[in-house]
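Just below is one structure, and these are the notes that go with it.
Quick caveat: nothing in here was measured; it's all calculated off a predicted structure.
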Amino acid sequence: MKNRYRDPLLIQKVTQKIHQVTESLDRTVRLMEVCGTHTHSIFHFGIRDLLPEKVELISGPGCPVCVTPMEFIDQAILLSRQPDVIITTFGDLMRVPGKRGSLLQAKAEGADVEILYSPLDSLKLARENPEKLVVFLGVGFETTIPLSALAIQQAEVEGIRNFKILNAHKIVPPALRALTTQDIRLDGFILPGHVSAIIGLKPYHFLAEEFGMPGVVAGFEPLEILLGILKILEQLSEGRAEIENVYRRVVCSEGNRRAVEMINKYFVLTESEWRGLGMIPDSGLMLKDEWKDFDLLTQENLDAVKAVQEEMEQLSEYSSQNMDGPCICGLILTGRKIPLDCPSFDKVCTPESPLGACMVSAEGTCAAYYRYRGRGGRFHVR
């Protein structure tokens, strides 16, 4: 069956319209695609090559693995090396380097690290291994947080107490606020489709109302991304700033209320550190007091937690004497640099031997540049 979102004639019509609208603009516009999946679709379908020179696309921080601070990785690795601990995680996190290796290396050295597709799989391991402490690495945005909440709910129902979460969940809108207030020139956001399916449109309204910044929720097919770009350009041309939605087949204005209720039942807002953006108020989630029994780091009586905290202090001293090296993931995640600006890109940093999370993750910007070199390759160099 024909996919109308990849229909060449429709894409040509939208592209022509983009060129027409851009002619009315007297400057180069810089649009950030927030989501890493958008970044990969833009490269995969060669969308950059369809756009006028005056439209510049910048990759944003919409990859949860990429924005997870190195300290979290170090904690997870140290924890995996404790006796009677099973670490469970999504696969993308396995090869992200910490200061002294990765989870993959820890597993190769004998640590019990399991890759899973849902936090509910952690509960299965916890049931089967009551003598072990099963720790789920909670990394993800609004799309995955409801699943963590569901796992906690199920653990409570079944009375499973050896299941804990090492939590690094984050929410996207505060990061957009941080980007908008930093010294990064942006003219609009292509907003993430998956996250928007959960939270709807309202959490983005501050962009238009406070900062006069257009934003359009877009899907991941080429026609949807181009429509998102067109809608932003039309707003800029007409002097408007609104939050629009061209992904109505998946995203509704109100979002998924049931999923949001699950998040709000178990989590409360807190500040959170984002790699490249620093500490951002109300951008993270921690478990509410009544669910603290499932929060690993509050279990100070556990030997594994005590041991990790002691080793983290030693690692901090080590880190103060050893800089992070040549990786510029932080600058790439904020649109200040592109992977081609990095002296390590495609030299000492490759998907097989990554220095930073942007090259590791399937949604990472460096991984997209590496994979699609020569395809959709009109890279903008500032």
Side-chain angles (χ1 to χ4, degrees), residues 11 14-63 66 175-176 178-192 207 211-218 220 222-241 244 246 276-277 328-342 345 358 363-382:
I11 289 173
V14 175
T15 302
Q16 288 174 344
K17 186 65 175 174
I18 286 174
H19 280 260
Q20 291 171 6
V21 175
T22 304
E23 289 178 2
S24 67
L25 301 171
D26 59 0
R27 58 185 172 83
T28 297
V29 297
R30 306 183 78 216
L31 311 181
M32 175 175 279
E33 82 270 5
V34 176
C35 179
T37 308
H38 275 145
T39 299
H40 279 255
S41 290
I42 287 167
F43 277 104
H44 179 77
F45 294 111
I47 288 176
R48 288 170 185 262
D49 285 339
L50 300 177
L51 300 177
E53 287 285 346
K54 289 198 301 185
V55 177
E56 183 176 352
L57 297 183
I58 304 164
S59 302
C63 163
C66 298
L176 304 186
L179 284 166
T180 307
T181 56
Q182 293 188 7
D183 59 340
I184 307 166
R185 188 176 75 76
L186 296 174
D187 297 291
F189 286 105
I190 303 170
L191 297 168
L207 291 170
F211 301 100
M213 182 75 72
V216 177
V217 176
F220 303 96
L223 184 62
E224 293 170 322
I225 294 172
L226 288 167
L227 278 172
I229 294 169
L230 173 60
K231 291 296 181 182
I232 296 175
L233 294 174
E234 287 178 341
Q235 289 192 42
L236 293 171
S237 176
E238 298 165 9
R240 294 184 291 117
E244 296 184 85
V246 296
L277 289 171
I328 62 168
C329 272
L331 296 172
I332 292 169
L333 289 167
T334 54
R336 291 182 171 90
K337 297 286 185 182
I338 63 173
L340 299 182
D341 295 327
C342 180
F345 179 79
C358 296
E363 296 183 355
T365 303
C366 293
Y369 271 71
Y370 187 93
R371 180 177 182 183
Y372 294 110
R373 288 169 301 176
R375 295 175 59 187
R378 180 162 60 79
F379 302 119
H380 295 275
V381 180
R382 294 166 295 283

Has the side chain of D187 got a donor or acceptor atom that lies under 3.5 Å from a matching backbone atom of L31? no

Show your reasoning for whether side-chain contact (heavy atoms from CB on, under 4.5 Å) applies to I11 and L50. CA-CA 9 Å; I11 289 173; L50 300 177; 4.1 Å; yes

Once rounded to the nearest 0.5 Å, what's the spacing between atom CD of Q20 and atom OG of S237? 11.0 Å

Heavy atoms, side chains only, cut-off 4.5 Å: are P339 and I332 in contact? yes

Under 4.5 Å between any side-chain heavy atoms of C66 and T365, yes or no? no

What's the separation between atom OG1 in T37 and atom CD1 in I42, rounded to the nearest 0.5 Å? 10.5 Å

Is the shortest side-chain heavy-atom distance between E33 and S59 below 4.5 Å? yes

Testing T180, L176, I58 for side-chain contact (heavy atoms from CB on, under 4.5 Å) with L186, which one passes? I58

Measuring from atom OG1 of T28 to atom CZ of R185, what distance do you get when rounded to the nearest 0.5 angstrom? 7.0 Å

Between K17 and E234, which heavy-atom pair has the shortest distance, and what is it? CE-OE2, 3.9 Å

Less than 4.5 Å apart, side chain to side chain, heavy atoms only: is that true for L51 and L226? yes

To the nearest 0.5 Å, how far apart are NZ in K337 and SG in C329? 14.5 Å

Looking only at heavy atoms, which two atoms of P214 and Q235 are closest? And how far apart? CB-OE1, 3.3 Å

Reference residue T22; test side-chain contact (heavy atoms from CB on, under 4.5 Å); the match among L230, L233, L236: L233

Does the side chain of T334 reach to within under 4.5 Å of the side chain of P61, using non-hydrogen atoms? no

Restricting to non-hydrogen atoms, name the atom on P52 and the atom on I18 that form the minimum distance, rounded to 0.1 Å. CD-CG2, 3.7 Å

Would you give the length of the straight line joining atom NZ of K54 to atom CZ of R30, rounded to the nearest 0.5 angstrom? 16.0 Å

What orientation do Y372 and F43 show, parallel under 30°, tilted 30 to 60°, or perpendicular over 60°? parallel

Of all heavy-atom pairs linking I190 and A218, the shortest is CG2-CB, 3.9 Å

R336 and D183: CA distance, side-chain angles, deciding distance, side-chain contact (heavy atoms from CB on, under 4.5 Å) verdict: CA-CA 9 Å; R336 291 182 171 90; D183 59 340; 2.7 Å; yes

Is the shortest side-chain heavy-atom distance between T39 and Y369 below 4.5 Å? no

What's the shortest heavy-atom distance between L340 and F345, and which atoms? CD2-CE2, 3.7 Å

Does any part of the side chain of S41, heavy atoms only, come nearer than 4.5 Å to the side chain of I47, both counted from C-beta? no

